[in-house]
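Data block below; observations after.
Since this is a predicted model, take the numbers as computed values, not measurements. Quick note: numbers below take in every heavy atom, side chains included, and nothing from hydrogens, waters or symmetry partners.
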Amino acid sequence: MILRTIASTLIMAAIPALCHAETVAIFAPNLDFKDGAERNAYVTKIAKSLSDATGANWTAQAFARAADFESARSNIDVVILDADYYSSKGGSLKPVGMLSASGQTSRSFKVITRRGASSKLYDYRGKRLAIVANTSMANAFVTASALGNEIKATEYFGSVDEVRDVRSAINAIEVGKADISLVYDGYDSGFTTVYTSPAVGLPIVAINGSRLSGEKAERVKSALLNTKVRASSFITGIASFDSSDAGSYRRVAMTRKSTSLSYMPIEPDVAKVDFQTAQFNDRNEGIYLNPFQVQYVPTIEAFDKKLDRKL
């Protein structure tokens with residue numbers, strides 16, 4: 001009886017250890033998944049890849065709202081985050097990689113509008129902009145990049161509508177609820193491009209240092225960098241962390257206008273005047289002027305005659 005009790009106790013103690021699972025999550029609303037199911041399928045493949053590589057039990061979570069992710073982040077081991085969100089709220093998360101597009105860890109954003117509409121940004125003053133705004137940095141990015149810090153996005157456009165994810169932004173344009181939006185290059189098929197930004201970082205892959213550390217963290221990092229899971233049109237896998245690419249979104253958004261203008265006279269061709277130089281050796285000599293030339297004339301009398309003739 002005593003042996004049976006001891007055995008039962010050991011089994012019950014072992015069950016939590018056997019059931020414990022690490023968690024990989026994604027909160028990257030600037031990546032275009034056609035729906036939540038496709039987003040879940042992507043991160044589930046990442047979890048399976050980690051399970052196969054590490055021998056641990058990995059589960060997957062996908063978040064559509066920042067508030068939901070924030071409430072769960074302390075229990076997450078690995079997370080894929082949009083670069084702007086990581087730059088603003090990454091906190092103690094340790095970056096170990098970045099999503100890549102055929103080895104590239106950065107990509108431009110494009111301001112897009114409906115096909116056939118104007119491709120000139122000045123035609124959209126007072127119009128509706130739909131934007132994925134994880135943080136206030138998104139508005140700053142449009143202001144600095146597209147508008148050159150001449151005017152704030154919230155003042156230039158009639159409205160700046162913050163949407164949940166890039167799919168919502170694209171749908172808003174398609175149904176006429178927005179005039180333009182900001183999306184990664186690659187999501188602009190079927191639209192007119194109004195503006196293309198400098199290349200900025202793709203989503204960051206980070207480890208929660210309070211849950212993974214030491215040798216275990218290194219094994220997970222190695223497994224992540226060997227993951228070749230495709231997603232969202234152009235994502236082909238995970239590449240090494242590039243601090244320059246990772247910080248590029250923030251650098252653009254935080255850029256302040258500092259332009260020194262050099263003014264130079266502009267002389268239209270129709271107003272050009274041809275000149276001839278003359279040496280004056282006699283104080284009685286004069287010059288003859290007209291709107292087209294400067295000439296040497298020998299005497300004041302000759303000057304008067306020529307002036308009369310020209311007039």
Side-chain angles (χ1 to χ4, degrees), residues 24-46 60-73 76 78-90 93 98-101 106-114 128-142 145-146 153 157 159-191 193-195 197 200-206 229-236 238 249-250 253:
V24 57
I26 183 171
F27 176 59
N30 276 303
L31 290 183
D32 181 26
F33 296 95
K34 67 179 182 181
D35 53 33
E38 187 178 75
R39 185 186 295 108
N40 286 330
Y42 168 66
V43 72
T44 297
K45 290 178 183 178
I46 298 286
Q61 292 185 29
F63 296 93
R65 298 191 311 162
D68 294 335
F69 168 70
E70 285 295 335
S71 66
R73 65 180 287 173
I76 293 170
V78 173
V79 63
I80 300 169
L81 285 172
D82 274 334
D84 61 320
Y85 192 87
Y86 174 82
S87 296
S88 297
K89 300 182 178 182
L93 292 173
M98 299 177 70
L99 296 191
S100 70
S106 65
R107 180 162 282 227
S108 296
F109 271 99
K110 288 190 173 185
V111 174
I112 60 168
T113 187
R114 287 178 291 280
R128 299 162 298 176
L129 168 68
I131 189 171
V132 178
N134 299 325
T135 69
S136 60
M137 205 180 292
N139 276 320
F141 182 87
V142 175
S145 182
F157 299 106
S159 66
V160 178
D161 301 325
E162 298 182 357
V163 297
R164 186 176 70 175
D165 53 33
V166 69
R167 175 47 47 185
S168 300
I170 291 172
N171 289 342
I173 292 178
E174 290 175 333
V175 301
K177 291 185 177 180
D179 298 291
I180 60 174
S181 187
L182 185 72
V183 302
Y184 272 123
D185 179 16
Y187 299 151
D188 55 317
S189 178
F191 296 91
T193 297
V194 177
Y195 168 79
S197 81
V200 296
L202 291 171
I204 311 297
V205 182
V229 179
R230 304 180 68 92
S232 191
S233 301
F234 54 79
I235 299 301
T236 56
I238 298 174
Y249 189 104
R250 184 180 186 87

> Given the rule in the ring-ring contact (aromatic ring centres under 6.0 Å, His included) test, do F109 and Y195 qualify, once you have shown the distances and angles that lead to the verdict?
Replying inline: CA-CA 8 Å; F109 271 99; Y195 168 79; over 10 Å; no

>> Could you go through D35 and R167, starting from their C-alpha distance and side-chain angles, then the distance that decides it, and tell me whether this counts as salt bridge (Lys or Arg N to Asp or Glu O under 4.0 Å)?
In response: CA-CA 8 Å; D35 53 33; R167 175 47 47 185; over 6 Å; no

> Minimum heavy-atom separation for V160 to I131, with atom names?
Replying inline: CG1-CG2, 3.7 Å

>> For F69 and Y85, take the angle between the two ring planes, folded into 0 to 90°, and tell me which bin it lands in: parallel under 30, tilted 30 to 60, perpendicular over 60.
In response: perpendicular

> Do N139 and F157 have side-chain heavy atoms sitting under 4.5 Å apart?
Replying inline: no

> side-chain hydrogen bond (donor to acceptor under 3.5 Å, both in side chains) with R164: which residues, sequence neighbours excluded?
Replying inline: none

> Is a side-chain N or O of S108 found less than 3.5 angstrom from the main chain of S197, in a donor-acceptor match?
Replying inline: yes

> Taking 4.0 angstrom as the limit, do R107 and D185 come out as a salt bridge?
Replying inline: no

>> Is the shortest side-chain heavy-atom distance between L93 and Y86 below 4.5 Å?
In response: yes

>> On a heavy-atom basis, which atom in L202 and which in A101 lie closest, and how many Å separate them?
In response: CD1-N, 3.9 Å

> Where do K89 and R73 come nearest, in terms of heavy atoms and distance?
Replying inline: O-NH1, 3.0 Å

>> Please report the interatomic distance CZ(R128) to OG(S181), rounded to the nearest 0.5 Å.
In response: 12.0 Å

> Tell me, do I80 and I204 make a side-chain contact under 4.5 Å, heavy atoms counted?
Replying inline: no

> Under a 4.5 Å cut-off applied to non-hydrogen side-chain atoms, are S232 and E38 in contact?
Replying inline: no

>> Using side-chain heavy atoms (C-beta onward) and a distance below 4.5 Å, is I173 in contact with F191?
In response: yes

>> Side chains of L31 and I235, heavy atoms from C-beta outward: is any pair under 4.5 Å?
In response: yes

> Between OG of S106 and OH of Y249, what distance do you get to the nearest 0.5 Å?
Replying inline: 14.5 Å

> When you look at T135 and F141, which way does the side-chain contact (heavy atoms from CB on, under 4.5 Å) test go after all the steps?
Replying inline: CA-CA 11 Å; T135 69; F141 182 87; over 6 Å; no

>> I need the minimum non-hydrogen distance between N40 and A62, along with the two atoms involved.
In response: OD1-CB, 2.9 Å

>> Could you tell me if the side chain of V132 sits less than 4.5 Å from the side chain of D84, heavy atoms only?
In response: no

> Got a second to check how far S71's OG is from R65's CZ, nearest 0.5 Å?
Replying inline: 8.5 Å

>> Quick check: do L99 and P203 have side-chain heavy atoms less than 4.5 Å from each other?
In response: yes

>> Closer than 4.0 angstrom, basic N to acidic O: yes or no for D179 and R114?
In response: yes

> After noting the C-alpha distance and the side-chain angles of I26 and Q61, does the key distance pass the side-chain contact (heavy atoms from CB on, under 4.5 Å) rule?
Replying inline: CA-CA 7 Å; I26 183 171; Q61 292 185 29; over 6 Å; no

> Any salt bridge between K177 and D161, counting N to O under 4.0 Å?
Replying inline: no

> Closest approach of V166 and N30, non-hydrogen atoms and distance?
Replying inline: CG1-O, 3.7 Å

> Hey, mind stepping through Y184 and D32 against side-chain contact (heavy atoms from CB on, under 4.5 Å) and telling me if it holds?
Replying inline: CA-CA 9 Å; Y184 272 123; D32 181 26; over 6 Å; no

> For G186, does its backbone N or O pair with a side-chain atom of D188 as donor and acceptor, under 3.5 Å?
Replying inline: yes

> Of all heavy-atom pairs between I76 and V78, which one has the smallest distance, and what is that distance?
Replying inline: CG2-O, 3.2 Å

>> Checking F27 against N134 for the side-chain contact (heavy atoms from CB on, under 4.5 Å) test, could you report, in this order, the C-alpha distance in whole Å, the side-chain angles of both residues, the deciding distance, and whether it holds?
In response: CA-CA 10 Å; F27 176 59; N134 299 325; 3.9 Å; yes

> Could you give the distance from CG (D82) to CE (M137), rounded to the nearest 0.5 Å?
Replying inline: 11.5 Å

> What distance do R230 atom CZ and K45 atom NZ have between them, rounded to the nearest 0.5 Å?
Replying inline: 10.5 Å

